[in-house]
Enquirer: 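After the structure tokens below, expect a handful of questions from me.
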Amino acid sequence: MSIFHGLNTSASALTSQRLRMDVISANMANAESTRARMVDGEWQPYRRKMVVMQPNEKQPFSAFLHQAMGRSTNSEIGHGVKVSAIVDDQTPFKEMYDPEHPDANEEGYVQLPNVDPLREMVDLMSATRSYEANVTTLNASKNMLLKALEIGR
């Protein structure tokens, strides 16, 4: 295992969670945008985005078990996380009756984005807590490396 393996793992998680927070911020900023993109000649509301993460290297559980038991020669188990995609949430748009709105259809209904501010705030809190946990892990790894260097003096 590399001396910087723990730092690299935490750094990949920090990068991924930061991107997740940026996407959540964009969702919140566009929660009322009724004209976000043109599809088939018609304006559509903003569609909520979601971040999909995956491990950098997929390892079977048995590889982790063998390493924990000391039977593995692979010292690089677990390589952090990466963002594999940013996908659109396919839940239907909300509809509100407002015949005076410029984007209202013939029946007077306006399609609104499928962004739920409460859900976004919960996701933001989760991403923030994950970010903070990885900062704590990064600092602990850094302090252990500094203490190891002090032993050599």
Enquirer: For Asp22, what residues pass the salt bridge (charged side-chain N to carboxylate O under 4.0 Å, His left out) criterion, not counting sequence neighbours?
Expert: Arg18
Enquirer: If hydrophobic clusters are built from ILVMFWY residues whose side chains come within less than 4.5 Å, do Val115 and Met125 share one?
Expert: no
Enquirer: Could you tell me whether a side-chain N or O of Ser12 sits under 3.5 Å from a main-chain N or O of Thr9, the two making a donor and an acceptor?
Expert: yes
Enquirer: Can you check whether Leu14 reaches Leu138 side chain to side chain, under 4.5 Å on heavy atoms?
Expert: yes
Enquirer: Roughly how far, to the nearest 0.5 Å, is the CD1 atom of Ile86 from the CG atom of Leu19?
Expert: 4.5 Å
Enquirer: Do Lys82 and Met53 have side chains that approach each other closer than 4.5 Å (heavy atoms only, starting at C-beta)?
Expert: no
Enquirer: According to side-chain contact (heavy atoms from CB on, under 4.5 Å), who are the partners of Arg35, at least two apart in sequence or on a separate chain?
Expert: Trp43, Pro102, Asp103
Enquirer: Restricting to side-chain contact (heavy atoms from CB on, under 4.5 Å), what partner residues turn up for Val87, sequence neighbours left out?
Expert: Met50, Val52, Ala85
Enquirer: Side-chain contact, heavy-atom cut-off 4.5 Å: Thr34 with Gln111?
Expert: no
Enquirer: Show which side-chain atoms of residues 23-30 pair as donor or acceptor with protein atoms under 3.5 Å away, not counting sequence neighbours.
Expert:
unit_1	atom_1	unit_2	atom_2	d
Ser25	OG	Met21	O	2.9
Asn27	OD1	Tyr46	OH	2.7
Asn27	OD1	Lys49	N	3.1
Asn27	ND2	Lys49	O	2.8
Asn27	ND2	Glu120	OE1	3.2
Asn30	OD1	Ser33	OG	3.1
Asn30	ND2	Ala26	O	2.9

Enquirer: Which residue pairs pass the ring pair (Phe, Tyr, Trp, His ring centres under 6.0 Å) test when at least one of the two sits in residues 10-41, sequence neighbours left out?
Expert: none
Enquirer: For Thr15, enumerate each residue passing the side-chain hydrogen bond (donor to acceptor under 3.5 Å, both in side chains) test, keeping only those at least two apart in sequence or located in another chain.
Expert: none
Enquirer: Would you say Asn105's side chain and Glu107's backbone share a donor-acceptor pair under 3.5 angstrom?
Expert: yes
Enquirer: Rounded to the nearest 0.5 Å, what separation is found between the CD atom of Gln17 and the OG atom of Ser10?
Expert: 11.5 Å
Enquirer: In this structure, would Val135 and Leu124 fall into the same cluster of hydrophobic residues linked by side-chain contacts under 4.5 Å?
Expert: yes
Enquirer: Could you report the tightest heavy-atom contact between Arg119 and Arg48, atom names first, then the distance?
Expert: CD-NH2, 3.5 Å
Enquirer: Does anything in residues 83-127 pair up under ring pair (Phe, Tyr, Trp, His ring centres under 6.0 Å), and if so which pairs, sequence neighbours excluded?
Expert: Tyr97-Tyr109
Enquirer: As a quick check of understanding, evaluate side chain to side chain contact (heavy atoms under 4.5 Å, CB included) for Glu95 and Leu112, giving each step before the final call.
Expert: CA-CA 6 Å; Glu95 289 191 348; Leu112 298 173; over 6 Å; no
Enquirer: Around atom CD of Glu42, are there more than 12 heavy atoms from other residues, nucleotides or ligands closer than 6.0 Å?
Expert: no
Enquirer: Whether the side chain of Arg47 engages the backbone of Pro113 through a donor-acceptor N/O pair (distance < 3.5 Å, no angle test) should be reported.
Expert: no
Enquirer: Connecting only ILVMFWY residues whose side-chain heavy atoms lie within less than 4.5 Å of each other, what is the rest of Met144's hydrophobic cluster?
Expert: none
Enquirer: How would you list all residue pairs meeting side chain to side chain donor-acceptor pair (under 3.5 Å) that involve residues 126-140, not counting sequence neighbours?
Expert: Arg20-Ser126
Enquirer: Name all residues meeting the side-chain contact (heavy atoms from CB on, under 4.5 Å) criterion together with Glu150; count only those two or more places apart in sequence or in a different chain, and write none if there are none.
Expert: Lys147, Arg153
